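In this chain, residues are counted from 1 in sequence order. No experiment lies behind these values; they were computed from the predicted model shown.
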Amino acid sequence: MDTDAQLSERDRSSDPDEGEERSRSARFPRRLRRPVCAARQWLTGGGTLRQAGVLLAVCLVVLLLVSNYLVQPFLIPSGSMENTLQVGDRVLVNKLAYDFGREPRRGDVVVFDGTDSFVHDAPAENPLTALVRKGASAVGLMRPAETDYVKRVVGIGGDRVTCCDKRGRLAVNGVPVIEDYLHPGDEPSQVPFDIVVPEGKLWVMGDHRSDSRDSRDHLGEPGGGTVPVDRVIGRADWIGWPLRRMTSLDRPDAFAHVPGPGHGAHG
């Protein structure tokens with residue numbers, strides 16, 4: 001018996017399959033190994049300063065993604081919502097609030113794009129300046145675009161909103177609304193109005209009525225001062241900054257007894 005020949009055959013049978021080795025290496029093409037290794041060396045070999053820069057860039061990308069799709073900080077630029085919101089407050093806007101078929105409700109504080117409702121001739125802006133402003137405003141470091149507004153929803157599609165009754169109150173669908181959130185000393189409106197809000201639109205007003213340019217100021221313009229629901233960016237749910245003012249923005253009870261759209265509308 002040729003023992004050496006048997007051992008030789010046994011050794012060849014125990015060798016790993018050359019085709020299997022080839023398939024493993026093919027999973028990671030050779031032409032990609034070099035740039036991947038170079039990138040790894042660049043990330044790990046640049047010292048603390050480079051690693052901190054990479055970490056900062058990653059955090060910024062994550063923050064921008066969150067801001068674009070989930071929650072966006074919004075810098076309050078004016079006093080139109082005082083005392084609920086004050087100049088310099090950063091509110092956190094919930095961009096998922098009206099997804100999955102949900103729509104704004106009376107009393108919600110919303111941020112919206114006023115193009116074609118509050119603003120009919122959008123101001124021109126340098127592209128580079130617009131990019132910087134968009135990035136900075138997305139994290140609450142700069143004021144938003146001039147076409148972005150924050151107001152309170154007073155009427156939804158089908159509502160009849162009137163002001164004011166004999167006691168100086170605003171009414172929705174014939175029911176007076178006690179607006180405890182108004183700026184101290186303000187009246188519900190110094191300008192009388194009576195409007196039925198079209199379907200798919202919102203009637204919005206600032207809490208500081210004497211210092212707010214809102215739906216009342218655009219009654220004679222296309223759209224009649226109402227804002228399309230699809231222009232709403234999100235609902236302001238929290239004040240996140242400054243820390244001393246950190247709180248949630250709950251929907252008030254002022255509209256709890258208002259009947260559904262159609263009641264109190266023009267006959």
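- Sorted by first and then second residue, the pairs that involve residues 170-182 and meet salt bridge (charged side-chain N to carboxylate O under 4.0 Å, His left out), not counting sequence neighbours, are Glu179-Arg209.
- When side chains are defined from C-beta on, Val172 does not count as touching Arg160, because their heavy atoms never get closer than 4.5 Å.
- For the pair Pro104 and Val232, the tightest heavy-atom approach, listed with the atom from each and the gap, is CG-CG2, 4.3 Å.
- Screening Asn83, Thr84, Asp186 for a side chain to side chain donor-acceptor pair (under 3.5 Å) with His208, the sole residue that qualifies is Asp186.
- With hydrophobic clusters built from ILVMFWY side chains whose heavy atoms lie under 4.5 angstrom apart, Leu219 shares a cluster with Val154.
- For the side chain to side chain contact (heavy atoms under 4.5 Å, CB included) test with Arg90, the passing option among Leu75, Leu85, Ile76 is Leu75; the others fail.
- Within the structure, ring-ring contact (aromatic ring centres under 6.0 Å, His included) contacts touching residues 209-256 (residues at least two apart or in different chains) are Phe118-His218.
- Considering all non-hydrogen atoms of both residues, Thr226 and Pro198 come closest at CG2-CD, 3.8 Å.
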Assess whether side-chain contact (heavy atoms from CB on, under 4.5 Å) is satisfied between Ile156 and Val197, documenting all intermediate values. CA-CA 6 Å; Ile156 59 176; Val197 184; over 6 Å; no
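- With salt bridges taken as basic N to acidic carboxylate O contacts below 4.0 Å, one links Asp89 and Arg245.
- Hydrophobic clustering (ILVMFWY, side-chain heavy atoms < 4.5 Å, transitive): Leu170 and Tyr181 are in one cluster.
- Legend: residues meeting side-chain contact (heavy atoms from CB on, under 4.5 Å) with Ser80, ordered by chain and number and at least two apart, are Ser78, Lys151, Ser212.
- Taking all atoms of both residues into account, the shortest heavy-atom contact from Glu187 to Gln190 is OE1-CG, 3.9 Å.
- Qualifying side-chain contact (heavy atoms from CB on, under 4.5 Å) partners for Arg167, counting only residues two or more places apart in sequence or in other chains: Asp165, Arg169.
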Mind running side-chain contact (heavy atoms from CB on, under 4.5 Å) on Ile233 and Asp148 for me, showing each step along the way? CA-CA 9 Å; Ile233 297 170; Asp148 289 351; 3.8 Å; yes
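- Annotation for Leu202 and Ser215: closest pair O-OG, 4.4 Å, computed over non-hydrogen atoms.
- Between Pro252 and Arg152, the closest heavy-atom pair is CD-NH1, 3.5 Å.
- Counting heavy atoms from C-beta on, the side chains of Ser117 and Pro228 come closer than 4.5 Å.
- With contacts defined as side-chain heavy-atom distances shorter than 4.5 Å, the pair Val150/Phe74 qualifies.
- Considering every non-hydrogen atom in both Cys163 and Ser189, the closest pair reads SG-CB, 3.7 Å.
- A donor-acceptor contact shorter than 3.5 Å is absent between the side chain of Asn173 and the backbone of Val258.
- Sorted by first and then second residue, the salt bridge (charged side-chain N to carboxylate O under 4.0 Å, His left out) pairs with a member in residues 221-241 read Asp113-Arg231, Asp116-Arg231, Arg235-Asp237; sequence neighbours excluded.
- Judged purely by distance below 3.5 Å, without hydrogens or angles, the side chains of Thr162 and Asp194 never pair a donor atom with an acceptor atom.
- Applying the side-chain hydrogen bond (donor to acceptor under 3.5 Å, both in side chains) criterion to Arg106, with sequence neighbours excluded, gives Asp159.
- With hydrogens and angles disregarded, a donor-acceptor distance shorter than 3.5 Å links the side chain of Asn94 to the backbone of Leu96.
- Under the 4.5 Å side-chain heavy-atom criterion for ILVMFWY residues, no single connected hydrophobic cluster contains both Val191 and Met205.
- In this structure, the side chains of Arg251 and Asp108 come closer than 4.5 Å at one or more pairs of heavy atoms.
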Between Val204 and Phe112, is a side-chain contact (heavy atoms from CB on, under 4.5 Å) present by the stated rule, with each step listed? CA-CA 10 Å; Val204 297; Phe112 62 92; 4.0 Å; yes
Give the C-alpha distance, both sets of side-chain angles, the deciding distance and a yes or no for side-chain contact (heavy atoms from CB on, under 4.5 Å) between Val110 and Tyr98. CA-CA 11 Å; Val110 297; Tyr98 303 125; 3.5 Å; yes
